[in-house]
Amino acid sequence: MLLSYLAPLPLMMVGLYRGNGAAVAAGLAAMVAVALAAGGFASLPFAVVVMLPSLVVVRQALLWRSNADGSVEWYPPGLVLGWLTGAGLALIVIGALLIPDRPDGVESGGLQAWVADTIGNTLDMVAPNLTSEQRKAAADWWVPFFPAMVASSWLAMAVVNAVTAQGFLVRLGRNRRPTPSYRELELPLWLGVVLAAVAITGGVAEGDLGYLARSAVVVTLIPFALLGLATVHGWAAGRPNARVFLAAMYGGLFLASAWALIPVAGLGLVRFMTRFRRAESSGGGKEE
């Protein structure tokens, strides 16, 4: 599982070092290797899960422009994160459209019924000895936000591998762009608009539309959670025992599971909403 989660890392390292062409070549070679090892069909999910985020990160992260004073301005990490989030939301919609023969129709929440049926069948195969209470508990956890869990995992994997790839390249002296200051992360305005739209839709709509909108809310909150973490890092920078404080914070987040990201995302939302009141805006993610 750990190695599969790090599958985008070598593709991102090759791309961030050699460029877009090298990333495409490495991705195609990896798809061929996966097809030979696990069958031709296996290369398709590999392309979506591994190759797609790698190409998005490489293409956007290597964009740059020259300023009037001759300095180089690299594409902000907040906009790269926005592209990845948009891709994750698109995958939710595409996945829903590709599901065949929904059993109960849109009016009765057919997509959620299909997810419940699929999870039930999966539990029958991997954990046939579960009691009815355990099966119900598992279904109550997975079914309501299953698309969000899949897309959120995909997005988190892309972010972790992108930051790790850049860090490795810096250590090896092979980075093409300097590492941005993640503490100065800023998100594009459209993410706030999308979050508001899907939150309203998820609250008032029923059936498949409401089900997908609620999952979209979870996915769209992830960039704001990262913005909240960036805010904490900025506050801790230069303070005594900053590393101890950050280690304790991440330990608490890990122990508290995914629910702890809600207040962190709230902090990110506060920073996002007050961005216009700050006298000096950072270049870490400002959209020009």
Do any N or O atoms from the side chain of [X] and from the backbone of [Y] form a donor-acceptor pair under 3.5 angstrom?
X	Y	value
Thr274	Val270	yes
Asn161	Tyr5	yes
Ser43	Gly39	no
Asn121	Asp117	yes
Trp154	Pro53	no
Arg174	Tyr17	no
Asn175	Arg177	yes
Ser54	Val50	yes
Gln60	Pro77	no

- [ ] Could you check Leu189, Val193, Leu187 and say which one makes a side chain to side chain contact (heavy atoms under 4.5 Å, CB included) with Leu191?
- [x]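 Filter result, single survivor: Leu187.
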
Over all atoms of both residues, closest heavy-atom pair of [X] and [Y]:
X	Y	answer
Ala96	Leu212	CB-CD1, 3.8 Å
Asn67	Glu73	OD1-OE1, 3.2 Å
Leu195	Val217	CD1-O, 4.1 Å
Leu227	Gly268	CD2-O, 3.2 Å
Met157	Val49	CE-O, 2.9 Å
Arg176	Trp74	O-CZ2, 3.4 Å

[Y] reachable from [X] in the ILVMFWY side-chain graph, under 4.5 Å edges:
X	Y	answer
Ile262	Ile222	yes
Leu3	Met51	no
Val93	Ile200	no
Val194	Leu81	yes
Met12	Val14	no

When you compare the side chain of [Y] with that of [X], does any pair of heavy atoms fall below 4.5 Å?
X	Y	result
Met149	Trp141	yes
Glu186	Arg271	yes
Pro76	Leu79	yes
Leu55	Asn20	no
Pro144	Trp142	no

Open item on the list: A quick test of your reading: do over 12 heavy atoms of other residues, nucleotides or ligands sit less than 6.0 Å from CG of Leu172?
Closed with: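 Correct, the count exceeds 12.
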
- [ ] Inspect the surroundings of CZ in Phe168 and state if more than 12 heavy atoms from other residues, nucleotides or ligands are less than 6.0 Å away.
- [x]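 12 or below, so no.
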
Open item on the list: Just checking Phe245 against Trp235, ring centres under 6.0 Å apart?
Closed with: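 They qualify: ring centres under 6.0 Å apart.
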
Just verifying a value: how many Å separate [X] [atom1] and [Y] [atom2], rounded to the nearest 0.5 Å?
X	Y	atom1	atom2	answer
Leu111	Tyr211	CG	OH	6.0 Å
Arg135	Asp124	CZ	CG	4.5 Å
Leu185	His233	CG	NE2	11.5 Å
Leu16	Leu169	CG	CG	6.0 Å
Ile92	Leu97	CD1	CG	12.0 Å
Met125	Thr122	CE	OG1	4.5 Å

TODO: Decide yes or no on side-chain contact (heavy atoms from CB on, under 4.5 Å) for Thr118 and Phe146, but give the supporting numbers first.
DONE: CA-CA 11 Å; Thr118 302; Phe146 181 76; over 6 Å; no

Task: Ring geometry between Phe224 and Phe272 (parallel below 30°, tilted from 30 to 60°, perpendicular above 60°) - done: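 If you compare the ring of Phe272 with that of Phe224, the planes turn out perpendicular.
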
TODO: Could you give me the CA-CA distance, side-chain angles and deciding distance for Val34 and Met31, then say whether side-chain contact (heavy atoms from CB on, under 4.5 Å) is met?
DONE: CA-CA 5 Å; Val34 170; Met31 288 181 64; 5.7 Å; no

- [ ] Check the pair Leu261 / Leu221 against side-chain contact (heavy atoms from CB on, under 4.5 Å), numbers first and verdict last.
- [x] CA-CA 9 Å; Leu261 291 178; Leu221 278 175; over 6 Å; no

Open item on the list: Show, in sequence, the C-alpha distance, side-chain angles and deciding distance for Leu229 and Leu253, and conclude whether the side-chain contact (heavy atoms from CB on, under 4.5 Å) test is met.
Closed with: CA-CA 11 Å; Leu229 292 176; Leu253 291 176; 3.9 Å; yes

